Amino acid sequence: MAVAASMKNLIDTAHIIESKGTHKYSIIWLHGIGNSSDTYKDIFTQIQPQNTRIVLPNAPQQWITIQDRQHYLRSWYEAEGTDIPKIFQLNEAINELIDGELKLVKDASHIIIGGFSQGGSVSLLVGLYYYKQQLGGIICCGSDVPFRDKISQLMGEYATKVPILVYHGKDDNRVKWDVTKTGLELLEKNGVKDNIQVVVEDGVGHTISEKGLHLIVMFITKQFKL
């Protein structure tokens with residue numbers, strides 16, 4: 001896995017939807033491979049809760065391998081099978097975003113991190129490890145559990161407490177549910193069980209349905225106590 005140098009200072013290239021009213025809460029949402037903040041601007045403009053700032057960072061463009069072919073796309077990481085220092089480098093880059101919002105809202109329980117596909121995997125990774133305060137929640141949609149062979153080293157103090165929503169289409173042929181399920185079973189063995197809600201929707205592929213979007217809104221409303 002290569003972590004691009006441009007991963008630093010992600011806030012500089014992020015799309016920000018400023019809070020309507022006093023800024024009390026923040027949502028950080030990470031896109032999937034080949035997408036960008038543009039993918040989610042309209043969605044989050046529509047569902048933005050009151051008093052909530054939305055941060056939509058953009059992954060750097062880098063060469064990644066998909067089905068044995070090289071592609072130059074926006075991606076949070078190249079591939080698995082990497083060493084702990086590089087995973088922590090990725091972790092710290094996203095942590096900077098969280099820390100920046102923490103300075104503004106003062107309480108990490110007022111921050112939710114989430115994402116779709118690879119962005120959801122990174123959100124899960126970062127959210128489980130974040131150690132400064134307990135986050136308000138983690139949202140993981142159409143994603144896998146990354147770096148499974150190192151997962152026990154990537155569990156922070158609040159990993160078994162922070163609320164987590166996992167949403168997945170049962171007919172997802174890009175990130176297959178059966179594969180994700182085994183990753184969630186591994187998390188359960190590491191104590192992540194009472195704080196996680198898993199919703200698998202029949203007839204849905206690699207996307208977020210209207211029902212899925214409703215679940216996300218309900219999760220945000222519950223965790224922010226809106």
Side-chain angles (χ1 to χ4, degrees), residues 10-11 14-32 35 37-58 94-117 119-143 156-169 184 187 192-201 204 207-226:
L10 288 171
I11 194 66
H15 178 79
I16 309 293
I17 305 173
E18 293 294 356
S19 172
K20 298 172 184 175
T22 305
H23 178 200
K24 298 179 181 177
Y25 309 96
S26 291
I27 298 169
I28 299 169
W29 187 267
L30 309 184
H31 63 76
N35 293 138
S37 60
D38 289 344
T39 312
Y40 295 99
K41 285 194 291 191
D42 289 346
I43 293 172
F44 276 98
T45 297
Q46 292 171 24
I47 69 169
Q48 179 185 22
Q50 192 75 11
N51 306 119
T52 303
R53 173 168 130 135
I54 313 291
V55 180
L56 305 174
N58 288 290
I94 308 299
N95 277 350
E96 286 183 8
L97 287 175
I98 299 175
D99 292 346
E101 296 308 300
L102 182 57
K103 288 178 181 177
L104 297 172
V105 300
K106 311 301 183 187
D107 184 343
S109 70
H110 290 188
I111 300 170
I112 287 174
I113 184 168
F116 178 74
S117 198
S121 297
V122 174
S123 297
L124 186 64
L125 170 75
V126 172
L128 288 174
Y129 186 73
Y130 194 74
Y131 57 88
K132 294 185 179 177
Q133 295 179 25
Q134 183 175 312
L135 292 170
I138 303 167
I139 303 173
C140 185
C141 299
S143 310
E157 178 183 353
Y158 302 107
T160 61
K161 301 174 185 175
V162 58
I164 303 168
L165 171 65
V166 172
Y167 169 81
H168 212 101
L184 295 176
L187 288 182
V192 180
K193 51 185 177 180
D194 296 332
N195 56 317
I196 188 167
Q197 174 190 2
V198 179
V199 179
V200 183
E201 187 175 0
V204 175
T207 188
I208 302 173
S209 71
E210 285 294 323
K211 176 184 175 181
L213 196 59
H214 178 71
L215 287 167
I216 289 170
V217 171
M218 294 300 291
F219 180 83
I220 293 168
T221 301
K222 179 181 179 181
Q223 303 314 324
F224 284 169
K225 300 178 175 61
L226 297 176

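Note that the coordinates shown come from a computational prediction; the quantities given were computed from them, not determined experimentally.
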Check whether any side-chain heavy atom of [X] lies under 4.5 Å from a side-chain heavy atom of [Y], and answer yes or no.
| X | Y | value |
| --- | --- | --- |
| I94 | I113 | yes |
| L187 | L124 | yes |
| I139 | W29 | yes |

State the [atom1]-[atom2] distance between [X] and [Y], to the nearest 0.5 angstrom.
| X | Y | atom1 | atom2 | result |
| --- | --- | --- | --- | --- |
| K193 | L184 | NZ | CG | 14.5 Å |
| L30 | N58 | CG | CG | 10.5 Å |
| I216 | L165 | CD1 | CG | 6.5 Å |
| I164 | I138 | CD1 | CD1 | 4.5 Å |
| I27 | I47 | CD1 | CD1 | 6.5 Å |
| T45 | I17 | OG1 | CD1 | 3.5 Å |

Not counting sequence neighbours, which residues clear side chain to side chain contact (heavy atoms under 4.5 Å, CB included) with [X]? List them please.
| X | answer |
| --- | --- |
| I16 | I11, A14, E18, R53, V55 |
| V200 | K170, W177, V198 |
| Q133 | L102, D107, A108 |
| K41 | H15, D38, L56 |

Subject >> Side chain Q48, main chain T52, donor-acceptor under 3.5 Å >> reply: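 Yes, the answer is positive, given that a donor and an acceptor are paired below the 3.5 Å cut-off.
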Original post:
Any sub-3.5 Å donor-acceptor pair from S117's side-chain atoms to G119's backbone N or O?
Top reply: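 Not a single qualifying donor-acceptor pair exists.
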For [X], enumerate each residue passing the side-chain hydrogen bond (donor to acceptor under 3.5 Å, both in side chains) test, keeping only those at least two apart in sequence or located in another chain.
| X | value |
| --- | --- |
| H23 | S26 |
| E201 | Y167, S209 |
| N35 | none |

Heavy-atom closest pair, residues [X] and [Y]:
| X | Y | result |
| --- | --- | --- |
| S123 | G115 | OG-N, 3.5 Å |
| G127 | L135 | CA-CD1, 3.9 Å |
| P163 | Q134 | CD-NE2, 4.0 Å |

Subject >> side-chain contact (heavy atoms from CB on, under 4.5 Å) between V162 and N195, worked out >> reply: CA-CA 6 Å; V162 58; N195 56 317; 4.3 Å; yes
Using distance only, find each side-chain donor-acceptor pair of residues 219-226 under 3.5 Å and give its atom names and separation, not counting sequence neighbours.
{"residue": "T221", "atom": "OG1", "partner": "V217", "partner atom": "O", "Å": "2.8"}

Subject >> Which residues share a ring-ring contact (aromatic ring centres under 6.0 Å, His included) with Y158, sequence neighbours left out >> reply: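 Partners of Y158 by the ring-ring contact (aromatic ring centres under 6.0 Å, His included) criterion come out as none, since no residue qualifies.
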Subject >> Pairs flagged by salt bridge (Lys or Arg N to Asp or Glu O under 4.0 Å) wherever residues 121-136 is involved - sequence neighbours left out >> reply: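 Every salt bridge (Lys or Arg N to Asp or Glu O under 4.0 Å) pair that includes a residue of residues 121-136, provided the two are not neighbours, is D99-K132.
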